[in-house]
Every structure is written in C-alpha cells, then in structure tokens.
Amino acid sequence: DYCTWTFELNDSYGDGWNGNAIKVYNDSTLVSTITLSSGHDAVVQVQMCNNTNLSLEWVSGSYASETSFTITDAYGIFSQTFQGSDLSGVFFTTAISCAAPSCPRPENVTVVSVDETSATIDWTSDDAISEWLVEYQDANGSTTLNVNVHPYTITGLTSNTSYSFIVASLCDNASDTSAFTTGTTF
C-alpha cells in the first residue's frame, strides 16, 4: 500500500532554491530529492509506503533564508511548514499510515455572511455525520460549540473584531472526532 505526501515549495526571491534540497527517505531508502530549480513555487508529490517511517534531510545550498515548504499527508490531516534557514541534517521523522481516517473532517469551509455581531458559516460533510465541533476565536480567546446544523450562525460576536474558526466532525455518537479544518477568517 502506498499513499501520497505533498510538498509545497516556495522561494521568496523567485530564483529557485540555489542548491538547497530535501532528501526524502522511506525508512532508510532514499526515494526522492526535492528542489525548486527556478521560480517562486512548485508542488511535488511523493509516494510513501504504508507502515514505514518518513524522514527528511536538508541539503544546504545558498540563500536558505529564501526557502520554505509545507508537507501534507495523504488525507490533509497533518501539515507542517518549515523555513530552510532553520534546517540542517535530518530534521523531521514520522510514521506513515495510509489508512483513511475513521471520521472524515468537514470540507469546503466558507463564511456565508457577516454582520455587526454574528457570522454564518457553512461546510460540506459526509451525509452520515450530523454533529460537529465549531471553534471560533479572536485575540482574547476561543469558544468551542457542539452544533447539529449547517449552515450555522455564530452570535454574540464583538463588532469590528477579527475572528477565525475551525470545524471538526463528531462521529459514532461523538465517540470519534475528525481532525479540525484549517482556519478560516471573518
């Protein structure tokens, strides 16, 4: 069994990674050497074997401070961003599981409308799921709600305040929770 990990590469100057690279290992086997030969960005996908370890090794070149990248697992549950200037040698190792999550997270999260003290949010979800966790936050803290409808209107917000929110599915009578979505701002 294999699953695909995604590497989103970025170069802030736009001239490629200037000799910097990522060596990708599946257990101890080198499966790919990833670099950005020119331009600002690129997306590279690497097939990884199930039930093994992924290790990443940084190869230093010039202008590492211009380089960054984000790795994301096959289901978009795990995602981490790295800055090239912070890296050396083997800098990341994790176990690979290609199993689909038991509780799928919501997708297509959107802000439907916003007024002075409320915001209506929506998402798509597996038809069998009928309960979700909605967490919203501003600079002063966060609030988590159990909701059983979508779209959902968050009320009691402070006017002229920026908020972000994330959503997770609750499955099997709330005994299983999905990963949260990435943050959406309103």
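Just the heavy atoms: all of them, side chains too, but no hydrogens, waters or symmetry mates, feed the values below.
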Any side-chain heavy-atom pair of [X] and [Y] under 4.5 Å:
{"X": "Val59", "Y": "Lys23", "result": "yes"}
{"X": "Asn160", "Y": "Thr158", "result": "no"}
{"X": "Ile154", "Y": "Val134", "result": "yes"}
{"X": "Ser162", "Y": "Thr185", "result": "yes"}
{"X": "Glu66", "Y": "Asn18", "result": "yes"}

Tell me yes or no: between the side chains of [X] and [Y], is some donor less than 3.5 Å from an acceptor?
{"X": "Asp27", "Y": "Thr52", "answer": "no"}
{"X": "Gln45", "Y": "Thr4", "answer": "no"}
{"X": "Thr70", "Y": "Thr81", "answer": "yes"}
{"X": "Ser118", "Y": "Asp115", "answer": "yes"}
{"X": "Asp11", "Y": "Thr67", "answer": "no"}

Q: Could you pull out all residues at least two apart from Thr143 that satisfy side chain to side chain donor-acceptor pair (under 3.5 Å)?
A: none
Q) Sequence neighbours excluded, which residues qualify as side chain to side chain donor-acceptor pair (under 3.5 Å) partners of Ser79? A) Thr72
Going from [atom1] on [X] to [atom2] on [Y], what distance comes out if it is rounded to the nearest 0.5 angstrom?
{"X": "Cys171", "Y": "Glu131", "atom1": "SG", "atom2": "CD", "answer": "10.0 Å"}
{"X": "Ser37", "Y": "Leu9", "atom1": "OG", "atom2": "CG", "answer": "10.0 Å"}
{"X": "Gln80", "Y": "Asp73", "atom1": "CD", "atom2": "CG", "answer": "11.5 Å"}
{"X": "Glu116", "Y": "Thr161", "atom1": "CD", "atom2": "OG1", "answer": "10.0 Å"}
{"X": "Asn148", "Y": "Ser130", "atom1": "CG", "atom2": "OG", "answer": "7.5 Å"}
{"X": "Leu56", "Y": "Thr93", "atom1": "CG", "atom2": "OG1", "answer": "7.5 Å"}

Q. In terms of ring plane angle, is the pair Phe91 and Trp58 parallel, tilted or perpendicular, where the classes change at 30° and 60°?
A. perpendicular
In terms of hydrophobic clusters joined by side-chain contacts under 4.5 Å, are [X] and [Y] together?
{"X": "Val147", "Y": "Tyr163", "result": "yes"}
{"X": "Tyr136", "Y": "Leu170", "result": "no"}
{"X": "Val44", "Y": "Phe69", "result": "yes"}
{"X": "Ile71", "Y": "Val90", "result": "no"}
{"X": "Phe180", "Y": "Trp132", "result": "no"}

Q) Do Trp123 and Tyr152 pass the side chain to side chain contact (heavy atoms under 4.5 Å, CB included) test, and can you show the C-alpha distance, the side-chain angles, and the key distance before you say yes or no? A) CA-CA 9 Å; Trp123 55 89; Tyr152 181 77; 4.1 Å; yes
Which pair of heavy atoms, one from [X] and one from [Y], lies closest together, and at what distance?
{"X": "Ser178", "Y": "Ser169", "answer": "OG-N, 2.8 Å"}
{"X": "Val31", "Y": "Asn26", "answer": "CG1-CB, 3.7 Å"}
{"X": "Tyr25", "Y": "Met48", "answer": "O-CE, 3.7 Å"}
{"X": "Gln83", "Y": "Ser68", "answer": "OE1-CB, 3.8 Å"}
{"X": "Leu54", "Y": "Ile96", "answer": "CB-CD1, 3.5 Å"}
{"X": "Gln47", "Y": "Tyr2", "answer": "OE1-CB, 3.3 Å"}

More than 12 foreign heavy atoms under 6.0 Å from [atom1] of [X]: is that the case here?
{"X": "Phe78", "atom1": "CZ", "value": "yes"}
{"X": "Phe186", "atom1": "CZ", "value": "yes"}
{"X": "Asp1", "atom1": "CG", "value": "no"}

Q: Flag the pair Phe82 / Phe92 as yes when their ring centroid distance falls below 6.0 Å, and as no otherwise.
A: yes
Q) Taking the side chain from Arg105 and the backbone from Gly76, do they hold a donor-acceptor pair closer than 3.5 Å? A) yes
Q.
If we ignore hydrogens and angles and just use 3.5 Å, is the side chain of Trp17 paired with the main-chain N or O of Asn10 as donor and acceptor?
A. yes
Q: Might you work through the side chain to side chain contact (heavy atoms under 4.5 Å, CB included) test for Thr94 and Trp5, ending with a clear yes or no?
A: CA-CA 12 Å; Thr94 191; Trp5 280 61; 3.9 Å; yes
(Q) Applying side chain to side chain contact (heavy atoms under 4.5 Å, CB included) to Phe7 and Val43, what does each step give before you reach the verdict? (A) CA-CA 6 Å; Phe7 293 73; Val43 175; over 6 Å; no
(Q) With side chain to side chain contact (heavy atoms under 4.5 Å, CB included) as the test, pick out the partner of Thr184 among Val109, Ile121, Val167. (A) Val109
(Q) Assess the residue pair Leu133 and Leu145 against the criterion (side chain to side chain contact (heavy atoms under 4.5 Å, CB included)); give the C-alpha distance rounded to whole Å, side-chain angles, the decisive distance to 0.1 Å, and a yes or no. (A) CA-CA 6 Å; Leu133 291 176; Leu145 306 168; over 6 Å; no
